[in-house]
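Structure first, then comments.
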Amino acid sequence: MNTTGRIFDIQKFSTHDGPGIRTIVFLKGCVLRCRWCCNPESQNYAIEQMNQNGKIKTIGRDVTVKEVMDVVVQDMPYYRRSGGGLTLSGGECLTQPDFASALLRCAKEDYGLSTAIESTACAKYETIQKLLPYLDWYLMDIKHINPEKHKAFTTRSNELILENAKKLARDAKNLVVRVPVIPTFNDEESEILDIARFAKSLGTVEQMHLLPYHRLGYDKYVGLDRDYPMGDLKTPTAEKMARLKEVAESVGINVMIGG
């Protein structure tokens with residue numbers, strides 16, 4: 001309960017980040033720098049200042065597991081009715097493994113909640129293993145199969161990520177592959193098909209989510225006095241997303257648009 005970590009937000013009543021109604025805890029810090037990141041304030045572990053509508057807001061605060069769980073358990077009736085619970089997001093919760101595992105353990109052992117993380121799995125597998133005993137759902141981003149293109153758009157290659165996906169397919173209770181569909185990066189049918197084939201080859205993945213790119217993070221870049229890397233690229237059309245869904249489903253995997 002006294003383990004300390006750094007977060008930047010807690011969001012209630014989410015229905016797209018694991019089953020049921022969930023509370024999402026957003027942790028500070030990430031090892032990737034994805035061009036399309038909609039939470040740029042999550043990338044740096046350091047506490048930052050961001051201009052929001054002319055007001056300066058402090059982004060990031062240090063909290064204990066108890067302080068977080070005091071907020072999470074306020075919605076226990078909704079979790080019980082819907083099968084929901086706690087989801088850790090970010091950033092990347094694997095950059096704070098002791099805090100993340102303590103949160104998941106408290107949610108699971110003390111309150112019996114469903115637990116989930118949204119994660120790139122870009123970490124040593126020993127780090128990931130700290131979380132697995134207390135984790136019901138691993139919602140794993142797989143952004144591209146080609147390592148050079150992955151590095152060009154995220155600053156890191158994907159070999160470790162794909163290798164960890166194979167291990168998680170064996171060890172995780174439930175592994176869901178999530179794909180942000182990004183124009184100029186991975187929105188070609190052949191690229192989505194490659195990811196779907198990889199997800200199918202893992203053997204235990206039953207769900208794949210296609211998450212269409214959006215510009216909702218643009219104002220955050222402005223508030224942080226940072227350039228927006230994606231320029232004026234548009235959200236993929238509903239028709240395009242439907243076609244990519246059809247392509248991915250051709251390998252025999254269940255595909256959803258959105259989380």
Exercise for review: Applying side chain to side chain contact (heavy atoms under 4.5 Å, CB included), name anything that partners Asn44, two or more places apart in sequence or on another chain.
Suggested key: Arg33, Glu48
**Study point:** Cys93 side, atom SG; Leu88 side, atom CG - distance, nearest 0.5 Å
**Key:** 5.0 Å
Review point. What distance do Asn51 atom CG and Ile56 atom CD1 have between them, rounded to the nearest 0.5 Å?
Key: 4.0 Å
Find out whether [X] and [Y] are in side-chain contact, i.e. whether some heavy atom of one side chain is under 4.5 Å from a heavy atom of the other.
{"X": "Asn254", "Y": "Met208", "result": "no"}
{"X": "Leu103", "Y": "Val68", "result": "yes"}
{"X": "Phe153", "Y": "Trp36", "result": "yes"}
{"X": "Lys108", "Y": "Asp136", "result": "yes"}

Using atom types as modelled and distance alone, determine if a side-chain donor or acceptor of [X] lies under 3.5 Å from a backbone N or O of [Y].
{"X": "Arg156", "Y": "Ile161", "answer": "no"}
{"X": "Asn39", "Y": "Ser42", "answer": "no"}
{"X": "Arg22", "Y": "Leu86", "answer": "yes"}

Check ion pair [X]-[Y] (N to O, under 4.0 angstrom):
{"X": "Glu246", "Y": "Arg243", "result": "yes"}
{"X": "Glu249", "Y": "Lys245", "result": "yes"}
{"X": "Asp98", "Y": "Lys130", "result": "yes"}

Practice item. Please say whether the positively charged group of Arg6, taken as NZ for Lys or CZ for Arg, lies over the ring of Tyr45, i.e. under 6.0 angstrom from the six-membered ring centre and within 45 degrees of the axis. Key: yes
Practice item. Using the side chain to side chain donor-acceptor pair (under 3.5 Å) rule, pick out the option among Glu92, Lys143, Arg178 that qualifies with Thr120. Key: Glu92
Exercise for review: Check whether Leu160 and Phe198 end up in the same hydrophobic cluster, where Ile, Leu, Val, Met, Phe, Trp and Tyr are linked by side-chain heavy atoms less than 4.5 Å apart.
Suggested key: no
Take atom [atom1] in [X]; do more than 12 heavy atoms of anything else shown fall under 6.0 Å from it?
{"X": "Lys124", "atom1": "NZ", "answer": "no"}
{"X": "Tyr218", "atom1": "OH", "answer": "no"}
{"X": "Glu159", "atom1": "CD", "answer": "yes"}
{"X": "Lys240", "atom1": "NZ", "answer": "yes"}
{"X": "Lys66", "atom1": "NZ", "answer": "no"}

Study note, to complete from the structure: side chain to side chain contact (heavy atoms under 4.5 Å, CB included) test vs Thr23 passes for just one of Leu113, Thr87, Val72, Val73, namely Val72
